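First the structure, in the form of C-alpha coordinates, and then the observations on it.
In this chain, residues are counted from 1 in sequence order. Being a predicted model, the structure only gives us computed values, none of them experimental.
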Amino acid sequence: MKLRLLADENTSHRLVAACRRLQPNFPMEHLAEWREGSYLSVKDPALLATLREAGIILVGFDRASMAMHAGNLTREGLGHAGVILFRRSVPALAYGRQAKLLVEFWRQAKHWDWADRIEYLPRP
(Lines give C-alpha, C1' and ligand atoms only; values in the text may rest on other atoms or scores of the structure.)
Protein backbone atom coordinates (compact mmCIF):
# COMPACT_ATOMS: atom_id res chain seq x y z
CA MET A 1 0.00 0.00 0.00
CA LYS A 2 1.41 3.36 -1.04
CA LEU A 3 0.28 5.95 1.49
CA ARG A 4 -1.82 8.62 -0.21
CA LEU A 5 -4.15 9.87 2.55
CA LEU A 6 -3.40 11.06 6.06
CA ALA A 7 -6.06 11.57 8.74
CA ASP A 8 -5.28 14.71 10.73
CA GLU A 9 -4.85 14.62 14.50
CA ASN A 10 -8.42 15.77 15.17
CA THR A 11 -9.82 12.86 13.16
CA SER A 12 -10.39 9.56 14.93
CA HIS A 13 -8.22 6.50 14.42
CA ARG A 14 -11.57 4.73 14.03
CA LEU A 15 -12.00 6.34 10.61
CA VAL A 16 -8.80 4.68 9.37
CA ALA A 17 -9.92 1.32 10.80
CA ALA A 18 -13.40 1.66 9.27
CA CYS A 19 -11.91 2.47 5.85
CA ARG A 20 -9.71 -0.63 6.04
CA ARG A 21 -12.71 -2.78 6.96
CA LEU A 22 -14.43 -1.58 3.79
CA GLN A 23 -11.31 -1.85 1.65
CA PRO A 24 -8.30 -3.81 2.91
CA ASN A 25 -5.04 -1.96 2.25
CA PHE A 26 -6.84 1.38 1.97
CA PRO A 27 -3.96 3.88 1.46
CA MET A 28 -4.55 5.88 4.63
CA GLU A 29 -2.78 6.34 7.93
CA HIS A 30 -3.40 8.49 10.99
CA LEU A 31 -1.08 11.39 11.73
CA ALA A 32 -0.25 9.82 15.10
CA GLU A 33 1.32 6.82 13.32
CA TRP A 34 2.86 8.65 10.36
CA ARG A 35 6.58 9.23 10.86
CA GLU A 36 6.25 7.96 14.43
CA GLY A 37 3.88 10.79 15.35
CA SER A 38 6.56 13.44 14.93
CA TYR A 39 4.09 15.81 13.21
CA LEU A 40 1.47 15.82 15.95
CA SER A 41 0.72 19.40 17.06
CA VAL A 42 2.61 20.85 14.08
CA LYS A 43 0.94 24.00 12.75
CA ASP A 44 -1.27 23.48 9.69
CA PRO A 45 0.90 25.39 7.17
CA ALA A 46 4.03 23.44 8.15
CA LEU A 47 2.14 20.13 8.03
CA LEU A 48 0.68 20.94 4.61
CA ALA A 49 4.15 21.86 3.32
CA THR A 50 5.57 18.54 4.55
CA LEU A 51 2.67 16.62 3.02
CA ARG A 52 3.21 18.48 -0.25
CA GLU A 53 6.78 17.18 -0.37
CA ALA A 54 5.58 13.65 0.47
CA GLY A 55 2.66 13.79 -2.00
CA ILE A 56 0.10 12.94 0.72
CA ILE A 57 -3.46 14.31 0.87
CA LEU A 58 -4.76 15.44 4.27
CA VAL A 59 -8.20 14.25 5.44
CA GLY A 60 -10.05 15.94 8.28
CA PHE A 61 -12.87 18.03 9.68
CA ASP A 62 -11.11 21.37 10.16
CA ARG A 63 -13.10 23.18 7.47
CA ALA A 64 -12.31 26.72 8.59
CA SER A 65 -8.61 26.89 9.27
CA MET A 66 -7.34 24.01 7.11
CA ALA A 67 -9.05 25.32 3.98
CA MET A 68 -7.77 28.82 4.77
CA HIS A 69 -4.17 27.63 5.25
CA ALA A 70 -4.29 25.48 2.11
CA GLY A 71 -5.68 28.43 0.12
CA ASN A 72 -2.97 30.73 1.49
CA LEU A 73 -0.24 28.28 0.43
CA THR A 74 -1.74 28.12 -3.06
CA ARG A 75 -1.96 31.92 -3.35
CA GLU A 76 1.65 32.24 -2.18
CA GLY A 77 2.74 29.86 -4.94
CA LEU A 78 3.85 27.19 -2.48
CA GLY A 79 0.85 24.90 -2.91
CA HIS A 80 -0.23 21.74 -1.13
CA ALA A 81 -0.79 18.09 -2.06
CA GLY A 82 -4.56 18.20 -1.53
CA VAL A 83 -7.11 18.30 1.25
CA ILE A 84 -10.33 16.33 1.78
CA LEU A 85 -12.69 17.74 4.40
CA PHE A 86 -15.95 16.37 5.77
CA ARG A 87 -18.90 18.74 5.69
CA ARG A 88 -20.76 19.76 8.83
CA SER A 89 -23.55 17.32 7.88
CA VAL A 90 -21.19 14.41 8.65
CA PRO A 91 -21.04 13.90 12.43
CA ALA A 92 -17.54 13.57 13.89
CA LEU A 93 -18.53 10.29 15.56
CA ALA A 94 -20.12 8.70 12.46
CA TYR A 95 -17.03 6.65 11.53
CA GLY A 96 -18.93 4.22 9.33
CA ARG A 97 -20.52 6.99 7.31
CA GLN A 98 -17.20 8.84 7.04
CA ALA A 99 -15.47 5.67 5.86
CA LYS A 100 -18.16 4.87 3.29
CA LEU A 101 -18.03 8.41 1.88
CA LEU A 102 -14.23 8.46 1.74
CA VAL A 103 -13.71 4.97 0.29
CA GLU A 104 -16.37 5.47 -2.39
CA PHE A 105 -15.02 8.92 -3.25
CA TRP A 106 -11.41 7.70 -3.37
CA ARG A 107 -12.28 4.98 -5.90
CA GLN A 108 -13.04 7.69 -8.45
CA ALA A 109 -10.66 10.40 -7.22
CA LYS A 110 -7.41 8.51 -6.62
CA HIS A 111 -6.11 9.26 -10.12
CA TRP A 112 -7.00 12.96 -10.09
CA ASP A 113 -4.39 15.70 -10.05
CA TRP A 114 -4.56 16.63 -6.39
CA ALA A 115 -2.17 19.59 -6.41
CA ASP A 116 -3.86 22.52 -4.65
CA ARG A 117 -7.23 20.74 -4.64
CA ILE A 118 -9.71 20.92 -1.75
CA GLU A 119 -12.71 18.58 -1.81
CA TYR A 120 -15.63 18.35 0.61
CA LEU A 121 -17.54 15.17 1.46
CA PRO A 122 -20.26 14.44 0.76
CA ARG A 123 -19.98 15.96 -2.67
CA PRO A 124 -23.04 17.87 -3.94
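The shortest distance between side-chain heavy atoms of V16 and E29 does not fall below 4.5 Å. Under the 4.5 Å side-chain criterion, counting only non-hydrogen atoms from C-beta, M28 is in contact with L15. Side chains of R87 and L121 form no contact here, defined as non-hydrogen atoms less than 4.5 Å apart. In this structure, the side chains of L73 and R75 stay at 4.5 Å or more apart for every pair of heavy atoms. In this structure, the side chains of L58 and M66 come closer than 4.5 Å at one or more pairs of heavy atoms. Inter-residue side-chain proximity for R97 and V90 is flagged as met; some heavy-atom pair is nearer than 4.5 Å. A 4.5 Å side-chain heavy-atom check between Y120 and I84 finds every atom pair outside the cut-off. Contact annotation: the side chain of H30 never approaches that of L6 to less than 4.5 Å [non-hydrogen atoms, C-beta and beyond].
Panel note: side chain R63, backbone L85; no donor-acceptor pair is recorded below 3.5 Å. No donor-acceptor pair closer than 3.5 Å links the side chain of R4 to the backbone N or O of I56. Side-chain N or O atoms of E33 include none that pairs as donor or acceptor with a backbone N or O of H13 at under 3.5 Å. Here the side chain of R20 pairs no donor or acceptor atom with the backbone of N25 at under 3.5 angstrom.
For R117, the CZ atom is densely surrounded, since the number of other residues' heavy atoms within 6.0 Å is greater than 12. At most 12 non-hydrogen atoms from other residues, nucleotides or ligands lie less than 6.0 angstrom from CD of E36.
In plain terms, the two heavy atoms of A54 and R35 that are nearest each other are CB-NH2, 4.1 Å. Counting all heavy atoms, side chain and backbone alike, P91 lies closest to S89 at CD-O, 3.3 Å. Across every non-hydrogen atom of I118 and A67, the tightest pair is CD1-O, 4.0 Å. Here the shortest heavy-atom pairing between V83 and A70 reads CG2-CB, 4.1 Å.
Scanning for side-chain hydrogen bond (donor to acceptor under 3.5 Å, both in side chains) contacts around E9 gives an empty result, with sequence neighbours left out. Among residues two or more places apart in sequence or in another chain, the side chain to side chain contact (heavy atoms under 4.5 Å, CB included) test is passed with R21 by A17, A18.
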Dump the intermediate steps for side chain to side chain contact (heavy atoms under 4.5 Å, CB included) on L5 and F26, then the final yes or no. CA-CA 9 Å; L5 303 169; F26 190 68; 3.7 Å; yes
Would you list the atom pairs, donor with acceptor, under 3.5 Å between side chains in residues 99-109 and any protein atom, with sequence neighbours excluded?
none

Result block: side-chain N/O donor-acceptor pairs under 3.5 angstrom for residues 39-50, not counting sequence neighbours:
residue	atom	partner	partner atom	Å
D44	OD2	S65	OG	3.4
T50	OG1	A46	O	3.1

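Rounding to the nearest 0.5 Å gives a distance of 6.5 Å between CG of D8 and CG of D62.
Clustering of Ile, Leu, Val, Met, Phe, Trp and Tyr side chains at separations under 4.5 Å places Y95 together with L93.
Within the structure, the ring pair (Phe, Tyr, Trp, His ring centres under 6.0 Å) test picks out the following pairs touching residues 51-85 (sequence neighbours left out): F61-F86.
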